[in-house]
Amino acid sequence: MLKRIDVAHLKVGMFLHELCGSWIEHPFWRKQFQLSDPNDIVRIRESPVREVWIDTERGLDVDDGKVREQAQVVPPPPPPQRQIPMREELDRAAKICAKAQESVTSMFQEARMGRAVEAGDAMPLVQEISASVMRNPGALISLARLKTADDYTYMHSVAVCALMIALARQLELPEEETRAAGLAGLMHDIGKMKIPPEILNKPGKLTDPEFEIIKTHPKEGHKMLLASQSIGAATLDVCLHHHEKVDGSGYPERLPADRISLFARMGAVCDVYDAVTSNRPYKNGWDPAESLHRMSEWQGHFDMQIFRAFVKSLGIYPIGSLVRLSSGRIGVVAEQSPKSLLTPKVKIFFSIKSNARIAPEMVDLSRPNCPERIVAREDADQWNFPDLNMLWSSPEGSAG
């Protein structure tokens, strides 16, 4: 029997089924577990969470008269959110990213120590990411690209989760399959927990023997996920096959194109895009628009139908892309336009003619009679603007 109680009535021995309220406010990444440590109860009481659901069939019951509500099932999640402007979602997406990094780090480290990962534990995180992508896909996807070397593996998983959800929506997959794609993205690299840290985090180029060790992570992750009682087929498949290529040259099984599933094909594109656009100890990430251009030229790597849908989900000039406008000014793409893939909102901040910074100005290229248009991608490494990421993520600048 499930019962909803005040956190004041929690005690060791109860089985925690769900914490009420926003996932962002929860002090744990796991959704369900037995309360065995009094410190965990203290953490719950010190958090904004005021009520929880307990399962009396799997743990201790509460004293009579202290039950708020009891039911056979937990209430359903709220309906999908409407799409909102980028600037309205950025703060919330930043909080989700911070919480997601903490949750994925704990989840993966527990997996490293042999604890099975259950879909029920990870799904609240997937649902929160999915809701953010629904409100505005550019916000969380772009923020998750900004990683440090120390948190790369964990935030890469968060980013691929968000990219998979956005791609699934572009492909018009049913909501259940969209959630499955998100969970698959979140778990696709869990096998890296079996890779020695000195190889996984090596700041320089890997030797051939070291790369062979890295290539074991899909099979290692697949074995780890098989220990779960609730991980679905899509997650297992993407974990094992996200490095397969349609020309049959991928790993670990060198699958031909007709044996690579839809989800694995999606995972291959999302995994590579986030990897090449992220800064690593041994190289800077590529510009988002340049990354899509280069990926489009990799013959035999991706399913091009999936890749084209991926481009539509991000825009031809994804957020963070450095572009030159027809006026001879340079700007960074700050938000996509629902009207056209070629007319995003761009924050202009540099004049090529005067070779100087100018006051930031947001220009909506989709506005009727807008005199500006994008004429070229620019190489971010060549210009070396140190505050490029701050420019697109800052609300400063007026639309014109």
Side-chain angles (χ1 to χ4, degrees), residues 1-82 84 88-89 91-107 109-110 115-135 140 158 161 165 175-176 178-179 182-183 186 228-231:
M1 175 69 69
L2 301 181
K3 296 183 178 181
R4 188 167 70 178
I5 66 171
D6 192 285
V7 297
H9 305 314
L10 285 171
K11 57 187 176 183
V12 171
M14 287 181 169
F15 187 89
L16 195 64
H17 182 82
E18 184 171 354
L19 295 130
C20 299
S22 170
W23 169 84
I24 292 290
E25 300 174 338
H26 295 178
F28 307 102
W29 73 265
R30 280 181 289 160
K31 179 182 177 183
Q32 302 176 351
F33 62 96
Q34 193 98 28
L35 286 170
S36 58
D37 186 344
N39 290 326
D40 287 344
I41 297 177
V42 172
R43 289 178 65 188
I44 294 172
R45 289 174 178 165
E46 290 178 345
S47 77
V49 174
R50 299 274 54 89
E51 294 181 322
V52 300
W53 288 84
I54 62 170
D55 188 340
T56 60
E57 295 181 2
R58 303 174 71 179
L60 296 180
D61 203 344
V62 69
D63 297 337
D64 289 341
K66 296 180 178 179
V67 179
R68 294 290 181 88
E69 186 178 346
Q70 58 188 43
Q72 297 299 326
V73 295
V74 175
Q81 301 274 339
R82 65 177 178 86
I84 64 177
E88 294 183 25
E89 182 60 22
D91 285 345
R92 185 158 29 181
K95 293 176 182 177
I96 294 172
C97 281
K99 176 69 174 180
Q101 177 187 338
E102 175 187 321
S103 297
V104 174
T105 301
S106 297
M107 186 190 312
Q109 289 177 349
E110 288 191 16
R115 183 183 185 275
V117 175
E118 301 300 334
D121 290 334
M123 196 52 74
L125 169 54
V126 173
Q127 290 172 338
E128 195 74 32
I129 292 172
S130 180
S132 180
V133 171
M134 175 68 80
R135 290 189 294 268
L140 191 143
V158 174
C161 171
I165 289 168
E175 190 59 32
E176 183 177 351
T178 298
R179 288 195 299 270
L183 182 62
L186 192 70
S228 169
Q229 299 299 311
S230 59
I231 295 295

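Computed over heavy atoms, backbone and side chain alike; hydrogens, waters and symmetry mates excluded.
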Does R179 pair with E176 as a salt bridge, N-O distance under 4.0 Å?
-> no
Taken in chain and number order and not counting sequence neighbours, the residues that satisfy side-chain contact (heavy atoms from CB on, under 4.5 Å) with C20 are R4, E51, W53
What pair of heavy atoms forms the shortest contact from A100 to V158, and how long is it?
-> CB-CG2, 3.7 Å
Test item: I54 and L10 side chains (from C-beta on) under 4.5 Å apart, heavy atoms | yes
Is M14 close to I41 at the side-chain level, that is, under 4.5 Å between some pair of heavy atoms?
-> no
Who passes side-chain hydrogen bond (donor to acceptor under 3.5 Å, both in side chains) against E118, sequence neighbours left out?
-> S228, S230
What pair of heavy atoms forms the shortest contact from K3 to T56, and how long is it?
-> CD-CG2, 3.8 Å
Enter the distance from R58:CZ to L16:CG here, rounded to the nearest 0.5 Å.
-> 11.0 Å
Using the side-chain contact (heavy atoms from CB on, under 4.5 Å) rule, take K99 and I96 through it: C-alpha gap first, then chi angles, then the decisive distance, then the call.
-> CA-CA 5 Å; K99 176 69 174 180; I96 294 172; 5.9 Å; no
From L183 CG over to I165 CD1, what is the distance, rounded to the nearest 0.5 angstrom?
-> 9.5 Å
First locate atom CZ of R92, then atom SG of C97, and finally report the distance between them rounded to the nearest 0.5 Å.
-> 13.0 Å
With sequence neighbours excluded, what pairs up with R115 under the salt bridge (Lys or Arg N to Asp or Glu O under 4.0 Å) test?
-> E110, D121
Hey, what do you get for CZ (R43) to CD (E46), rounding to the nearest 0.5 Å?
-> 9.5 Å
Using the test side-chain contact (heavy atoms from CB on, under 4.5 Å), find all partners of Q34 that sit at least two apart in sequence or belong to another chain.
-> F15
Q32 vs D55 side-chain heavy atoms within contact, under 4.5 Å | no
Taken in chain and number order and not counting sequence neighbours, the residues that satisfy side-chain hydrogen bond (donor to acceptor under 3.5 Å, both in side chains) with E102 are none
List for me each residue that meets side-chain contact (heavy atoms from CB on, under 4.5 Å) alongside S47, sequence neighbours excluded, and say none if there are none.
-> P27, V49
Working for side-chain contact (heavy atoms from CB on, under 4.5 Å), residues M107 and V117 | CA-CA 7 Å; M107 186 190 312; V117 175; 4.1 Å; yes
Judged by atom type as modelled, is there a donor-acceptor pair below 3.5 Å linking the side chain of R50 to the main-chain atoms of D6?
-> no
Could you list the residues that satisfy side-chain contact (heavy atoms from CB on, under 4.5 Å) with N39, not counting sequence neighbours?
-> D37
Of all heavy-atom pairs between S130 and E175, which one has the smallest distance, and what is that distance?
-> OG-OE2, 4.1 Å
